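Inspection log for the structure reproduced underneath, given as structure tokens.
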Amino acid sequence: MGTDESKNKVTLAVAADHGGIALKNHLVGLLGKWGYDCQDMGTHNEESVDYPDFARKLAQAVAAGDYRLGVLVCGTGIGMSMVANRVRGVRAALCSSAYTARMARAHNDANVLCLGDRVTGFGEAEDILHTFLNQEFEGGRHARRIGKFDPVENG
Ligand code: RB5
């Protein structure tokens, strides 16, 4: 499975807790094969860690523009998505299929993909990641809707 020509312009960060490390490591290897510039932000061993620490670190780096997109993996993907979405400027999507990944990019301009290692098989996760990376945001009415995410700040 390959990617389009824009891959070299996409900088990615990937992180996981102990519940997501196996899938995270698998995806980091895959991203390397696909030619992406990918930063592995840990965790790096099976020791139990707290997913909010990893989700916040990656989400803040994406929000700061250090990376264009991020991938977070925990056991279910739920905790990672909850924490990442508390960081302003981050739109994290917990995806369980290529369809939801495509819509997360096309309609929601998601900039962080969340996956559940204990929920989604590795083959499915590969398809989800590939779709997420290659689908562009459609803009238009979807941009208007995203502009309503933070109504107080946007007046
Ligand atoms: C860790 O056991 C587990 O709670 C975590 O990986 C994640 O699933 C939380 O949402």
Side-chain angles (χ1 to χ4, degrees), residues 1 3 7 10-137 142 145-146 148-153:
M1 191 182 296
T3 57
K7 64 188 175 187
V10 179
T11 54
L12 292 168
V14 182
D17 71 352
H18 55 287
I21 187 172
L23 179 56
K24 185 264 289 177
N25 287 344
H26 180 73
L27 296 180
V28 166
L30 199 59
L31 287 165
K33 279 186 205 156
W34 288 350
Y36 283 93
D37 179 6
C38 170
Q39 176 69 41
D40 183 347
M41 299 178 76
T43 186
H44 298 293
N45 59 53
E46 308 281 338
E47 186 182 334
S48 181
V49 292
D50 297 335
Y51 62 83
D53 298 335
F54 292 86
R56 186 168 297 108
K57 188 174 166 196
L58 181 142
Q60 287 175 338
V62 170
D66 297 343
Y67 306 98
R68 188 161 142 219
L69 296 172
V71 180
L72 288 168
V73 190
C74 64
T76 59
I78 295 170
M80 288 295 201
S81 62
M82 287 179 166
V83 176
N85 275 315
R86 288 177 174 233
V87 176
R88 188 178 304 280
V90 167
R91 291 174 300 281
L94 172 55
C95 296
S96 56
S97 65
Y99 176 75
T100 53
R102 188 163 69 250
M103 289 300 107
R105 287 287 309 126
H107 288 189
N108 310 113
D109 198 19
N111 50 12
V112 174
L113 168 66
C114 299
L115 293 164
D117 183 305
R118 299 170 184 160
V119 178
T120 302
F122 281 25
E124 186 68 41
E126 290 179 12
D127 282 353
I128 291 169
L129 180 60
H130 186 267
T131 302
F132 189 83
L133 294 175
N134 287 289
Q135 176 65 53
E136 292 297 321
F137 178 47
H142 304 298
R145 290 164 185 164
I146 285 168
K148 295 183 176 181
F149 278 20
D150 301 302
V152 174
E153 290 80 355

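Every number for a ligand or one of its atoms is a count from 1 in the order of the listing. Just so we're clear, the structure is a prediction, and the values are computed from it rather than from any experiment. Just so you know, residue 1 is the first one in the sequence shown, and it goes up from there.
- For the salt bridge (Lys or Arg N to Asp or Glu O under 4.0 Å) condition, no pair includes a residue of residues 48-58, sequence neighbours left out.
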Please list, one pair per line, the donor and acceptor atoms closer than 3.5 Å that link side chains of residues 39-47 to other protein atoms, with sequence neighbours excluded.
from	atom 1	to	atom 2	distance (Å)
D40	OD1	K24	NZ	3.1
D40	OD1	G42	N	2.9
D40	OD2	K24	NZ	3.1
N45	OD1	E47	N	2.9

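- When all heavy atoms are compared, the tightest approach of F54 to L72 is O-CD2, 4.0 Å.
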Identify every side-chain donor-acceptor pair in residues 115-123 under 3.5 Å, counting partners at least two apart or on other chains, and give the distances.
from	atom 1	to	atom 2	distance (Å)
D117	OD2	L23	N	2.8

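- The 12-atom threshold is exceeded at CE of M103, counting heavy atoms of other residues, nucleotides or ligands nearer than 6.0 Å.
- Near ligand 1, residues D17, H18, Y51, C74, G75, T76, G79, R118 each place a heavy atom inside the 4.0 Å sphere around the ligand atoms.
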Between V87 and Q60, is the side chain to side chain contact (heavy atoms under 4.5 Å, CB included) condition met? List the steps. CA-CA 7 Å; V87 176; Q60 287 175 338; 4.1 Å; yes
